[in-house]
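Handing you this structure, nothing more for now.
All heavy atoms count here, side chains included; hydrogens, waters and symmetry mates do not.
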Amino acid sequence: MAQDSDSTGTVIPPNEAAILTSGNMTELELILPDLGEEDLPEIAVFLVACAMRFHSDPDFVQEQLEWLVKAHDAEVDEGMRPDQLNSANDD
């Protein structure tokens, strides 16, 4: 489904999924493509799960955002990126 708002908006291609904010960023809208009988790809399922969790437990989402800010401010070492891993790093 393509979403076309006003002239300053963005068109979402019919084969893409997105979470949009509306109502001055106080509401979320989930846009999913019509895939007929096909299953949604994993990342689109993840978007659905995020939207459902937001609507059922907005406090959890707020806690996660606060954790993310704290982790960023503390510059937490998140370990190695996947592209840095190889068998030489195994113990």
Quiz prompt | Beyond-backbone contact of Phe60 with Gln64, side-chain heavy atoms, under 4.5 angstrom | solution = yes

In this structure, CG of Asp73 is separated from CG of Leu68 (nearest 0.5 Å) by 9.5 Å

Distance col, row Ile19:CD1 vs Leu32:CG, nearest 0.5 angstrom, shows 9.0 Å

ask   = In the hydrophobic clustering that connects Ile, Leu, Val, Met, Phe, Trp and Tyr at side-chain heavy-atom distances below 4.5 Å, which members other than Met25 occupy its cluster, ordered by chain and number?
value =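 ILVMFWY cluster around Met25 holds nothing else.
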
Gln62 meets the side-chain hydrogen bond (donor to acceptor under 3.5 Å, both in side chains) criterion, sequence neighbours left out, with Glu66

message: Pair Thr21, Thr26 - check side chain to side chain contact (heavy atoms under 4.5 Å, CB included), show working.
response: CA-CA 7 Å; Thr21 60; Thr26 61; over 6 Å; no

Rounded to the nearest 0.5 Å, the CD1 atom of Ile12 sits from the CG atom of Leu20 at a distance of 4.5 Å

Could you tabulate the donor-acceptor pairs under 3.5 Å formed by side-chain atoms of residues 37-55, not counting sequence neighbours?
residue: Arg53; atom: NH2; partner: Asp57; partner atom: OD2; Å: 3.3

